[in-house]
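Since the structure comes first, as structure tokens, the remarks are kept for the end.
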Amino acid sequence: MPDYKATLNLPKTDFPMKASLAQNEPLSLKRWSEIDVYGKLRAAREGKPRWVFHDGPPYANGSIHIGHMMNKSLKDIVVRSRSMEGLDCPYVPGWDCHGLPIEHKVMTEMVESGKAKKLDEITPDQRRMAVRRECAKYAEKFIKLQAGQMQRLLTIGDYANPYRTMAPEYEAAALEVFARLIEEGLVYRDKKPVHWSVANRTALAEAELEYEDRVDLSVYVDFEAESREAVERAFGVELDATPSFMIWTTTPWTLPANLAIAVNERYRYSLVRVDGAETIMASDLVAKVTGAAKVEKVEVLAETDGAKLVGLRYRHPFVDRTNPVVHAEYVTLEDGTGLVHTAPGHGTEDYRTGLKEGLAIYCPVREDGTYDDSVPEWLRGKDIWSANAKIVEYLRESGHLFFDHKFSHSYPHDWRSKTPVIFRATEQWFVGVDRPAKRDGATLRHAAVEAVERNVDFVPSWGRNRLRGMLESRPDWCISRQRAWGLPIPSFARPDGSVFMTPASVRAVAAAFAARGSDAWFLETPAQLLAGYDASKDPQAPKDLDVAALTKLYDIFDVWFEAGSSWNAVLRARNLGFPAELYLEGSDQHRGWFQLSLLPSLGAMGVPPFKRILTHGFMVDKNGRKMSKSVGNTIEVEDLMKDVGADVARWWVSSLAYEDDIKVDMDYFRVAGESYRKVRNTIRFLLSNLADFAPRTVEEKGDAVELSSIPPTSIDAWALAETAKLERAVRDAYAALDFRSAHLAIYDFCNDTMSAIYCAATKDRLYCDRKDAPRRRATQTVMFTIVDALSRLLAPLMPHTADEAFRSLWRSDGCCVHLETYRKLDELGIRCDERWGAVLQARSAGFAAMEVAKRDGLENPLDAEVTLPDPNGELRPFLADLPDLLGVSRVVLDPAATASSVRDLRAEPRCERSWKRDGTVRARSDGGLLSDRDALAIGV
RNA sequence: GCGCGAGUAGCUCAGCUGGCUAGAGCACACCCCUGAUAAGGGUGAGGUCGAAGGUUCGAGUCCUUUCUCGCGCACCA
């Protein structure tokens with residue numbers, strides 16, 4: 001028997017089954033960088049419609065983590081898919097460089113290396129500069145590291161010119177935003193209690209706080225009433241001794257700053273005799289309080305309304321003054337006594353009460369957490385934390401302490417130093433959210449809520465509610481910090497103690513910073529910094545301004561102000577387009593970058609900096625727990641790249657329902673690897689059947705047939721139509737930022753449409769037809785078109801593999817899929833018979849019949865003839881492809897049949913080349929048993 | 001405490017405005033192929049849709065209550 005294997009057109013390709021991504025992806029990176037894909041793409045899209053994505057700056061500290069991997073991958077999928085659409089999509093990655101985390105780290109290192117000691121010997125300016133130089137080096141180092149890691153994720157962008165918040169031109173652009181806000185009357189300086197980190201001697205933003213459980217001493221303290229008669233009148237009783245008001249606090253150290261007691265007018269209060277002393281507390285809390293203190297004898301003498309208590313006065317237990325009882329709505333009956341210790345210098349609500357009641361914003365605590373000289377002598381200079389016990393002791397001895405106990409509650413901590421923070425009133429710079437802008441009288445809060453309501457799209461949609469809620473309740477933005485590593489707020493003090501800063505002076509300093517960087521603030525005199533400032537041309541300049549007499553103030557900006565100005569420093573400064581189409585970050589950025597970009601942009605420009613916001617959830621481990629290094633459930637990006645590679649990691653990212661929290665586990669990447677291989681193998685099979693196929697190009701005709709010549713009833717037309725459908729679906733999904741749908745559609749297409757149906761059905765003709773048989777060339781033409789389209793659709797998801805397939809398809813190392821656009825097959829007018837649905841149903845029915853036949857001993861489908869019922873002749877036009885669709889030798893269509901059936905053909909001869917028993921098999925001139933088709937193919 | 005989201009086969013998820021015996025992929029089991037071969041094809045078994053009530057002719061889908069998980073916010077004087 002002749003051996004026919006050599007006469008077949010068996011698959012052949014240089015596209016390997018094994019991807020070896022860890023080895024090959026870096027080679028792709030190198031190739032792309034050599035041909036400057038990003039630059040080429042920019043040039044190729046010049047003049048096309050702009051679509052600007054704006055990157056939120058990660059912090060230049062440490063290695064990127066798995067969350068960055070997802071975030072940057074999603075961003076890259078957006079940019080690449082928009083670009084593939086033919087749009088002009090510049091992408092400038094950026095880094096947040098200033099701020100406490102770096103300064104903290106650098107300081108720690110300096111202390112450890114002994115360098116910090118030398119700082120004491122130099123001037124404050126020199127000291128700040130020494131720290132800043134170290135910080136800048138530190139930031140630079142990590143930008144370099146992270147840039148490499150991000151590129152390893154196969155993200156495309158202008159990595160040659162990223163933005164850095166510490167770059168001079170960036171700093172100047174941020175100051176310009178600040179100048180605009182001043183012009184609009186939105187910036188003010190005021191004393192206000194702010195979260196204060198004693199450890200770092202700086203005010204902290206909400207975003208810099210973490211709440212952790214902490215055990216504090218909680219005390220119930222009696223404040224003696226000033227007038228016994230007044231209390232008697234309030235309660236309508238007569239007393240032998242002066243009663244007290246009982247307050248509760250977990251921060252005894254704030255008692256020296258106590259300036260009022262707050263009650264709620266709506267509650268009932270009782271005058272109680274406890275262990276022989278009279279005191280006042282909320283009626284509903286008498287049992288709870290006395291019970292907690294294990295008091296034996298409790299006697300309620302009288303009751304009255306809270307409103308009657310308002311206006312009474314009491315003596316401070318250890319400071320020589322009397323203070324009022326006031327009303328406050330926030331007083332509740334959940335904890336304490338219903339009488340709230342109020343210190344306007346030490347709490348937000350206390351502060352508000354203080355403003356309302358005309359109390360002083362008194363704060364006797366210095367920035368290092370010790371008392372100043374306005375407190376009683378025994379507390380002066382003492383550290384507040386140690387003062388807690390001291391004060392309690394004092395109260396105990398003076399008889400003011402009713403009861404004390406340990407109390408566990410969650411308490412704000414400085415997120416870096418992990419130390420508890422305090423509320424402390426200090427002079428700070430604020431951006432007011434309730435101040436009318438000069439431009440239109442609208443407040444930032446109003447404008448922001450309006451914008452969120454009307455002018456911004458949210459993915460997922462509930463982001464809108466979330467951001468709106470935050471904006472509605474947010475306080476004024478404290479933008480000043482008392483640190484060295486940051487952008488100085490360019491304000492000066494005049495000899496009379498007043499502060500000098502106008503839009504024009506800010507711009508003058510901005511110009512100095514643009515030229516010499518913000519280091520200039522520490523290296524130059526006010527006169528040098530203001531060299532470009534002319535007071536005579538500044539209508540807002542104070543009279544008799546003497547620049548030479550100014551001294552610099554040393555507050556720096558909250559880093560969020562800098563990051564929140566990126567729309568100006570990057571999008572506008574580089575003429576990329578403003579506002580951005582999309583900001584895409586983790587859901588924590590509702591309170592961070594989203595909100596703090598929105599406010600400056602609205603303040604300065606009157607419009608939001610983004611048209612759409614996409615948020616994704618956070619990575620958790622497979623049990624739903626937060627990932628953290630201390631728990632040890634993290635996955636290192638570097639390991640991931642080595643293990644599965646960027647394409648598989650990105651393929652996994654694209655499969656996620658990113659709006660929720662995302663469970664991550666190494667196993668999931670392995671699963672993604674499996675489905676990646678399915679896609680890869682499908683492409684490989686398609687490519688391997690194109691080894692002898694020269695495509696039609698502009699230059700040459702090649703072996704391709706006209707797509708329009710493919711009959712609508714052929715399986716090729718069906719495959720092509722399915723591809724067009726896929727392309728439409730994937731493009732739509734990308735546009736809707738629904739990457740998951742794109743992923744699933746592509747996977748199903750490869751797994752089902754191609755691998756299970758089309759490839760399986762066309763194997764026979766590809767292998768056994770004559771090389772240049774029209775039927776074979778038609779299939780090859782379609783397969784070529786499919787790989788061409790598919791690699792473009794895959795390019796945003798798996799940049800390396802897509803390009804590998806594309807180059808293999810075109811057999812050229814000079815081409816690159818990332819410079820292409822989608823094929824847009826739906827515009828080609830491909831015709832496909834609408835009865836294909838019925839054909840596929842018949843196929844399933846045929847398989848079912850085959851299963852039955854298998855039970856009766858039939859094993860190889862090629863030994864079978866399947867009869868399909870075809871009552872209305874609907875299947876007739878597809879008869880030619882039906883045997884291949886079922887993988888059997890013959891199909892009979894029977895208008896009279898009601899069910900599919902199978903006939904065993906093993907009694908008939910089998911073609912020695914194609915192994916089919918199609919009824920034409922007979923002995924040929926070469927001595928072999930061949931079917932007509934095979935005989936024709938080898939010319940015997 | 002308030003708000004948001006989620007709880008559907010072992011795993012990852014679909015199930016829009018309520019309507020035929022609740023779907024997909026993976027994994028699993030069985031079978032086939034050995035000319036995509038550390039590949040490919042076919043078939044199948046898996047779920048009382050977190051729980052309890054209710055509305056309805058009919059609910060995974062609406063309402064109420066409740067449990068679990070996650071997130072955010074606030075409070076913690």
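Sequence lines set the chain letters: A, B, ... in the order given, protein chains first and strands last, and positions in each chain run from 1.
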Base, sugar-phosphate alone, or nothing: which one does D216(A) contact when heavy atoms must sit under 4.0 Å apart?
nothing

Just how far, in rounded Å, is P of rC31(B) from CG of D863(A)?
18 Å

Shortest side-chain distance from Y668(A), nucleotide among rG35(B), rC11(B), rA36(B):
rC11(B)

Under 4.0 Å between a side-chain N or O of R684(A) and OP1 or OP2 of rU37(B)?
yes

Report the distance from atom NE2 of H743(A) to atom P of rU12(B), rounded to the nearest whole Å.
15 Å

Which value, in whole Å, describes the distance between the C1' atoms of nucleotides rG19(B) and rU56(B)?
12 Å

Tell me whether the side-chain N/O atoms of Y4(A) come closer than 4.0 Å to OP1 or OP2 in rG35(B).
no

Compare the minimum distances between each of rA36(B), rG35(B), rA38(B) and the side chain of F685(A), then state the nucleotide with the smallest one.
rA36(B)

Describe the nucleic acid contact of F618(A) in one word from base, sugar-phosphate, nothing, applying a heavy-atom distance below 4.0 Å.
nothing

Sugar-phosphate only, base, or nothing, as touched by K678(A) at under 4.0 Å among non-hydrogen atoms:
sugar-phosphate

Just to confirm, is there a sub-4.0 Å distance from OP1 or OP2 of rG41(B) to any side-chain nitrogen or oxygen of S755(A)?
yes

Would you please confirm or rule out a distance under 4.0 Å between OP1 or OP2 of rC26(B) and any side-chain N or O of N751(A)?
yes

Using a cut-off of 4.0 Å on non-hydrogen atoms, how would the nucleic acid contact of N860(A) be classed: base, sugar-phosphate, or nothing?
sugar-phosphate

Which whole-number value in Å describes the distance from W651(A) CH2 to rU12(B) P?
19 Å

Just how far, in rounded Å, is P of rA36(B) from CG of L690(A)?
15 Å

Without decimals, in angstroms, what is the distance between Y767(A) OH and rG40(B) P?
12 Å

Are any of the side-chain heavy atoms of R765(A) and T762(A) separated by less than 4.5 Å?
yes

Donor-acceptor pair, Y747(A) side chain versus K678(A) backbone, under 3.5 Å?
no

Value in whole Å for how far the P atom of rG5(B) lies from CD1 of I662(A)
17 Å

Hey, is R670(A) close enough to D643(A) for a salt bridge, meaning N to O under 4.0 Å?
yes

Which part of the nucleic acid does T249(A) contact within heavy-atom distance under 4.0 Å: base, sugar-phosphate only, or nothing?
sugar-phosphate

Using Watson-Crick geometry (N1-N3 plus N6-O4 or O6-N4) or G-U wobble (N1-O2, O6-N3), each under 3.5 Å, rG58(B) is paired with none

Collect all protein-nucleotide pairs involving nucleotides 42-45 of chain B in which both atoms are nitrogen or oxygen and the distance is under 3.5 Å.
unit_1  : atom_1 : unit_2  : atom_2 : d
rG42(B) : O2'    : E851(A) : OE2    : 2.6
rU43(B) : O4'    : E851(A) : OE2    : 3.3

Per the glycosidic torsion and the 90° limit around 0, nucleotide rG46(B) is syn

To the side chain of K663(A), which of rC32(B), rU12(B), rA36(B) is closest?
rU12(B)

Paired nucleotide for rU64(B) [Watson-Crick or G-U wobble; both distances under 3.5 Å]:
rA52(B)

Re rC16(B): Watson-Crick or G-U wobble partner, both distances kept under 3.5 Å, found to be none

Using the C1' atom as the point on both nucleotides, what is the distance between rG18(B) and rU43(B), in whole Å?
34 Å

Could you tell me which nucleotide pairs with rU43(B) by Watson-Crick or G-U wobble geometry, both distances under 3.5 Å, or answer none if nothing does?
rA29(B)

What nucleic acid atoms does P460(A) come within less than 4.0 Å of, heavy atoms only: base, sugar-phosphate, or nothing?
nothing

Sidechain N-carboxylate O distance under 4.0 Å for D3(A), K5(A):
no

Consider the side chain of K5(A), meaning its heavy atoms from C-beta on, and name the nucleotide among rA38(B), rG35(B), rC32(B) that approaches it most closely.
rG35(B)

Is the phosphate of rC26(B), meaning OP1 or OP2, less than 4.0 Å from a side-chain N or O of Y747(A)?
yes

Aromatic F15(A) / basic R680(A) pairing, under 6.0 angstrom, 45° off normal:
yes

Positive for side chain to side chain contact (heavy atoms under 4.5 Å, CB included) with Y758(A), one of T753(A), T682(A), T779(A)
T779(A)

Rounding to an integer number of Å, can you tell me how far E674(A) CD sits from rA39(B) C1'?
12 Å

What verdict does the side-chain contact (heavy atoms from CB on, under 4.5 Å) test give for F423(A) and D350(A), after you've listed the backbone C-alpha separation in whole Å, the side-chain angles of each residue and the deciding distance to 0.1 Å?
CA-CA 11 Å; F423(A) 257 105; D350(A) 302 38; over 6 Å; no

Has R591(A) got a side-chain N or O lying under 4.0 Å from the OP1 or OP2 atom of rC73(B)?
yes

Measure from CG on L862(A) to P on rC31(B) and round the result to the nearest Å.
20 Å

Among rC26(B), rG35(B), rA14(B), which is the nearest nucleotide to the side chain of A657(A)?
rA14(B)

Under 4.0 Å between a side-chain nitrogen and a carboxylate oxygen: does that hold for K916(A) and D884(A)?
yes

Would you mind classifying the nucleic acid contact of K18(A) as base, sugar-phosphate or nothing, using non-hydrogen atoms under 4.0 angstrom?
nothing

Could you tell me how the ring of F693(A) sits relative to the ring of F784(A): parallel (under 30°), tilted (30 to 60°) or perpendicular (over 60°)?
tilted

Between rA36(B) and rG44(B) - P atom distance, rounded Å
25 Å

Using a 4.5 Å cut-off on heavy atoms from C-beta on, say whether the side chain of D692(A) contacts that of R776(A).
yes

